[in-house]
There are 2 protein chains.
Amino acid sequence: MQVSRSIQDTIMARFDGLSPKLRRAAEFVVEHPDEVATRTLRQVAKAANLAPPTLSRLARALDCETYEDLREICRGELKRRNRILADKAEALLQLSTETVPGAKSGVFIAQAGAAIENIQDLIESIDLEKLRSAAKTLATARKVVLFGTSSGLAVAQYFACMGRLAFDNWRVAGADGSLWATSLTDIGPGDAVFLVSIRPYGNLPVRAAQAARDAGAEVIAITDDLASPYVSIASECFIVGTESPQFFPSHIAALALIEGLMGMIVRRGGNKAAERIQQAESSAHSIGEYWVN
Amino acid sequence: MQVSRSIQDTIMARFDGLSPKLRRAAEFVVEHPDEVATRTLRQVAKAANLAPPTLSRLARALDCETYEDLREICRGELKRRNRILADKAEALLQLSTETVPGAKSGVFIAQAGAAIENIQDLIESIDLEKLRSAAKTLATARKVVLFGTSSGLAVAQYFACMGRLAFDNWRVAGADGSLWATSLTDIGPGDAVFLVSIRPYGNLPVRAAQAARDAGAEVIAITDDLASPYVSIASECFIVGTESPQFFPSHIAALALIEGLMGMIVRRGGNKAAERIQQAESSAHSIGEYWVN
DNA sequence: TTCATATTGAAACATGTGTTTCAATTTAAT
DNA sequence: ATTAAATTGAAACACATGTTTCAATATGAA
């Protein structure tokens, strides 16, 4: 079967050279390829609040002979998506069974499907009271130190990225050249420690968490198993699913938990947090840290 | 949302009372609802070897005001087939929302729900061919350099964690004290650069990506918008949804893409990658890096 | 057979289609 | 400030759309 280019690629190839209206049209087409495939030009134009000629011109700007060609690409997109859904259903069925070394693209779909299931499990099993309590701890702590090893560290750093926007007292242990010990020595009651640890559990974080707990700090942990050492160490421990058809455990659910937690924290933080975020953003703009245009 | 009757039901209801030609038309419509939804009456007529008025009359015979109504039913059929999974996810969400009372719980559920939707969109719109191509590039590159800023850096580091298990030529620019420039100077054809950049786009990565591209390296980018600078810079650019009820964009879909990509890469890598992974794991065990019991 | 009725497709029809023209307007360059 | 080029939408355009008409044909009843 001949594989037609996706509209995404078709549009991405020419997007930067498009005029404002044509961009709006292009955006509408990528977001609603089904409408383009099934409705008429004028109907699509009305739905997108655009003049009919704009769509006609868009087709030309995308190297199509005519609008009908663009529509044909959208038709292909619909068919492809149906095919992918079929693949997904199949891949999900084979998820539990052993994966065949025959190796086709089902790998990707199975992975993504597992990700969705892990998040669904998270939603169903999460203890909102515990979550609220953790949000309060992190939002009101005198100091928050985050750590982890390898993949857990990356996830913790992601959390810290967002946290630093809202608070000025979040630190990642081991970042900016400092040693873990340095970040943890002056920790005590009123402080909070946050960590993500997925199997295999690193040795250092376990001992660090233990030390923080002994020093009287709150320890909030995300881990993946009841047998994890953090279950007994942490004052607030969340267990997330890491099911994956691959050799590595999926960190998707952990990230979903973190994003949700962050949302609740900012909610708690109120205006102060919101102001700090806005301030951080505008100062980043003024020193030209961001790419524009 | 009101559910339109399926074409099967619509046609079965009146099939017995149809004349020979109308039956043939009806059969064609049930077998090719997509053609009816996307092509014109005359095109469908030709494809089915029927006179145009036959289809027009079929619509009337099926209690439709006009042929357009019949076409609308077929459109609904297509949408339904595409939306089954999304509906399922939504239903699960609905379920968990009902079982758990509480005002603030909405924040978390909404975030997780958006995460699922973003992954859903990713699965539906992903171009598997492009993915395979990216997997090949990363698996066979002489050297792979990963970078990003703030949240994007964290995600890239996560990717690097996994990549380093399978390959010894993956580096994160800016990690271990080296400057970006150092990591990027000796890059050229045969090398690959990978980056994640979600709005607002950092300035440095844009320039770095441009430089890498100019030097002849493959640039694989994950970003969030058609208007992103990477759309034109990258040789392989993936756009992921970042919808979120919070002030920050969700990186869940980006992570899902990365995990899926990693799966495909390891598949490609074959035994060599698998061996390296096992080796890394056992050596980590022998030096007591992992916590046991 | 004969007649009435139902079915069918070619051609004509009104209407809506995608496209082009063109004047108004914005944008960029000098 | 002036000019040239690009962008945009209203109106006009040629043409294709779905529908209807109508004559040809098939079907069935007497």
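The structure presented is a predicted model; accordingly, all values stated were derived computationally and were not measured. Residue numbers begin at 1 in each chain, while the letters A, B, ... track the order of the sequences.
The CZ atom of B:R24 sits 16 Å away from the P atom of C:dT7 (whole-angstrom rounding). Atom-to-atom, CG of B:L18 to C1' of C:dA6 comes out at 14 Å; the value is rounded to the nearest Å. Between the P atom of D:dT7 and the CG atom of A:L58 lies a distance of 13 Å, rounded to the nearest Å. As rounded to whole Å, 9 Å separates atom C1' of C:dT7 from atom CG of B:L22.
B:I73 has its side chain out of reach of B:L62: every pair of non-hydrogen atoms, C-beta onward, lies at least 4.5 Å apart. Counting heavy atoms from C-beta outward, B:V231 and B:I239 have side chains that approach closer than 4.5 Å. Counting only heavy atoms from C-beta outward, the side chains of A:F15 and A:V30 never approach each other to under 4.5 Å.
A salt bridge links B:K79 with A:E35: the closest approach of a Lys/Arg side-chain nitrogen to an acidic carboxylate oxygen falls below 4.0 angstrom. Residues A:R71 and A:E77 are not paired through a salt bridge, judged by the lack of any N-O separation under 4.0 Å between the basic side chain and the carboxylate.
Among the candidates B:K143, B:R142, B:R171, the single residue satisfying the salt bridge (charged side-chain N to carboxylate O under 4.0 Å, His left out) test with B:D186 is B:K143.
Distances shorter than 4.0 Å separate none of the side-chain N or O atoms of A:S19 from OP1 or OP2 on D:dA6.
A donor atom on one side chain and an acceptor atom on the other are not found under 3.5 Å apart for B:E218 and B:T137.
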- Using a 4.0 Å cut-off on protein heavy atoms (strictly under), produce a 5'-to-3' string for nucleotides 15-20 of chain D with B for base contact, S for backbone-only sugar-phosphate contact, and - for none. --BBSB
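In the helix from C:dT1-D:dA30 to C:dT30-D:dA1, the end axes, each obtained as the rotation axis mapping the C1' atoms of four pairs onto the next four within a five-pair block, lie 20° apart to the nearest 10 degrees.
A donor-acceptor pair under 3.5 Å is absent between the side-chain atoms of B:R60 and the main chain of B:L55, judged by distance alone.
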